[in-house]
Amino acid sequence: PHYLVQREHYLKVSVKELEKINNSISKLVVRKEELTDIIIGALEHNHSGQKSYEYGMYKIEVKTPTIYSLDKKKYESGEFKLPKQFNPIKESKSYAVDKKLCDKYLKEAPKDILDLLVQLIDEKPGKKNVIVTRRSK
């Protein structure tokens with residue numbers, strides 16, 4: 001049928017174009033990182049933090065954050081005792097929804113439980129993504 005030929009055509013053209021775009025994006029991301037390093041070096045912004053610079057008609061916003069992470073196992077081992085006044089570690093509690101269980105319960109739970117789940121858990125579509133790579137022949 002005609003609609004199958006048309007669908008095949010759109011798929012072929014779209015896959016090829018997406019492959020080209022993804023290739024371009026990869027190259028552009030690498031170049032963006034190179035230019036970022038060049039500009040930061042040229043501005044001699046060699047410290048952690050954020051600062052605005054004026055350059056001709058441009059305002060250049062530079063952010064060079066420092067990210068700290070905790071070795072949780074070492075910290076929880078009790079081997080390292082930091083005095084309270086020098087302890088930058090905050091304990092936090094977080095909740096996460098187990099997707100597989102949630103999907104299962106949304107299908108199987110009795111109505112009263114389902115009503116509670118629907119009130120507690122917001123459901124919305126995630127970001128769509130298609131990855132196209134060339135297969136080796």
Side-chain angles (χ1 to χ4, degrees):
H2 177 69
Y3 76 92
L4 286 177
V5 173
Q6 195 174 18
R7 188 172 74 180
E8 182 65 28
H9 170 74
Y10 283 133
L11 188 58
K12 184 179 179 180
V13 168
S14 298
V15 165
K16 272 187 169 176
E17 186 178 354
L18 185 59
E19 180 192 30
K20 281 182 184 174
I21 288 170
N22 283 335
N23 259 331
S24 297
I25 288 172
S26 296
K27 289 173 186 166
L28 290 170
V29 165
V30 168
R31 186 60 183 146
K32 181 181 178 188
E33 288 171 4
E34 291 169 353
L35 291 171
T36 295
D37 288 340
I38 290 168
I39 290 168
I40 287 171
L43 292 171
E44 296 178 346
H45 180 96
N46 50 11
H47 62 280
S48 180
Q50 180 176 334
K51 188 174 176 189
S52 292
Y53 298 89
E54 298 289 326
Y55 176 72
M57 60 184 263
Y58 300 100
K59 177 185 176 189
I60 303 169
E61 208 48 53
V62 177
K63 292 179 186 174
T64 51
T66 300
I67 297 165
Y68 298 100
S69 62
L70 177 67
D71 185 327
K72 206 170 156 186
K73 279 188 176 150
K74 279 185 186 173
Y75 184 72
E76 289 176 344
S77 74
E79 192 181 325
F80 301 85
K81 292 279 184 216
L82 290 170
K84 212 176 200 124
Q85 73 268 29
F86 295 109
N87 189 342
I89 293 118
K90 290 185 208 167
E91 197 172 326
S92 67
K93 188 179 198 176
S94 70
Y95 298 98
V97 177
D98 181 317
K99 187 185 179 334
K100 283 183 182 172
L101 282 178
C102 191
D103 289 344
K104 180 180 191 249
Y105 298 156
L106 287 172
K107 286 182 188 127
E108 299 172 2
K111 189 180 176 348
D112 57 333
I113 302 295
L114 189 60
D115 290 344
L116 295 175
L117 286 172
V118 168
Q119 288 179 59
L120 281 173
I121 298 170
D122 188 30
E123 183 182 348
K124 62 183 178 217
K127 185 180 177 202
K128 295 176 185 170
N129 188 27
V130 173
I131 296 171
V132 175
T133 50
R134 241 174 232 269
R135 291 185 290 142
S136 47
K137 293 182 180 179

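Here the structure is a predicted model, which means the values were calculated and not measured.
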Q.
Among Lys99, Lys107, Lys100, which residue satisfies the salt bridge (Lys or Arg N to Asp or Glu O under 4.0 Å) criterion with Asp103?
A.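 Single pass found, and it is Lys99.
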Atom pair [atom1]/[atom2] of [X] and [Y] - distance to nearest 0.5 Å:
{"X": "Leu114", "Y": "Gln119", "atom1": "CG", "atom2": "CD", "value": "10.5 Å"}
{"X": "Asp71", "Y": "Ser77", "atom1": "CG", "atom2": "OG", "value": "8.5 Å"}
{"X": "Glu34", "Y": "Ile39", "atom1": "CD", "atom2": "CD1", "value": "12.0 Å"}
{"X": "His9", "Y": "Ser14", "atom1": "NE2", "atom2": "OG", "value": "8.5 Å"}
{"X": "Glu17", "Y": "Asn22", "atom1": "CD", "atom2": "CG", "value": "10.5 Å"}
{"X": "Glu91", "Y": "Glu76", "atom1": "CD", "atom2": "CD", "value": "8.0 Å"}

Beyond-backbone contact of [X] with [Y], side-chain heavy atoms, under 4.5 angstrom:
{"X": "Glu33", "Y": "Arg31", "result": "no"}
{"X": "Asn87", "Y": "Tyr75", "result": "yes"}
{"X": "Ser52", "Y": "Ile60", "result": "no"}
{"X": "Val15", "Y": "Glu19", "result": "no"}
{"X": "Ile25", "Y": "Val29", "result": "yes"}
{"X": "Leu82", "Y": "Pro88", "result": "yes"}
{"X": "Lys74", "Y": "Glu79", "result": "no"}
{"X": "Asp115", "Y": "Ile113", "result": "no"}

Q) Between Tyr58 and Tyr55, what is the ring plane arrangement, given parallel below 30°, perpendicular above 60°, and tilted in between? A)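 Taking Tyr55 first and then Tyr58, their aromatic rings lie parallel (interplane angle under 30°).
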(Q) Could you report the tightest heavy-atom contact between Pro65 and Ser48, atom names first, then the distance? (A)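 In this case the closest contact between Pro65 and Ser48 is C-OG, 3.9 Å.
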Q. Is any NZ, NE, NH1 or NH2 atom of the basic residue among Glu61 and Lys59 found under 4.0 Å from an Asp or Glu carboxylate oxygen of the other?
A.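 Between Lys59 and Glu61 there is a salt bridge, with a charged N closer than 4.0 Å to a carboxylate O.
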Q) Going by distance alone, is a donor N or O of one side chain under 3.5 Å from an acceptor N or O of the other, for Thr64 and His45? A)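 Checked: Thr64/His45 side chains pair up, N/O donor to acceptor below 3.5 Å.
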(Q) Would you say Asp98 and Tyr105 are linked by a side-chain donor-acceptor pair, where the criterion is simply a distance under 3.5 Å? (A)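 Tyr105 vs Asp98: no donor-acceptor pair found between side chains.
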Q: State whether the number of non-hydrogen atoms from other residues, nucleotides or ligands found under 6.0 Å of Gln50 atom CD is greater than 12.
A: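 Yes - once you tally the heavy atoms of other residues, nucleotides and ligands closer than 6.0 Å, there are more than 12.
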When hydrophobic residues are tied together by side-chain contacts of less than 4.5 Å, even through go-betweens, does [X] share a cluster with [Y]?
{"X": "Leu35", "Y": "Leu43", "answer": "no"}
{"X": "Met57", "Y": "Tyr53", "answer": "yes"}
{"X": "Ile38", "Y": "Val30", "answer": "no"}
{"X": "Leu101", "Y": "Leu117", "answer": "yes"}
{"X": "Leu18", "Y": "Val13", "answer": "no"}

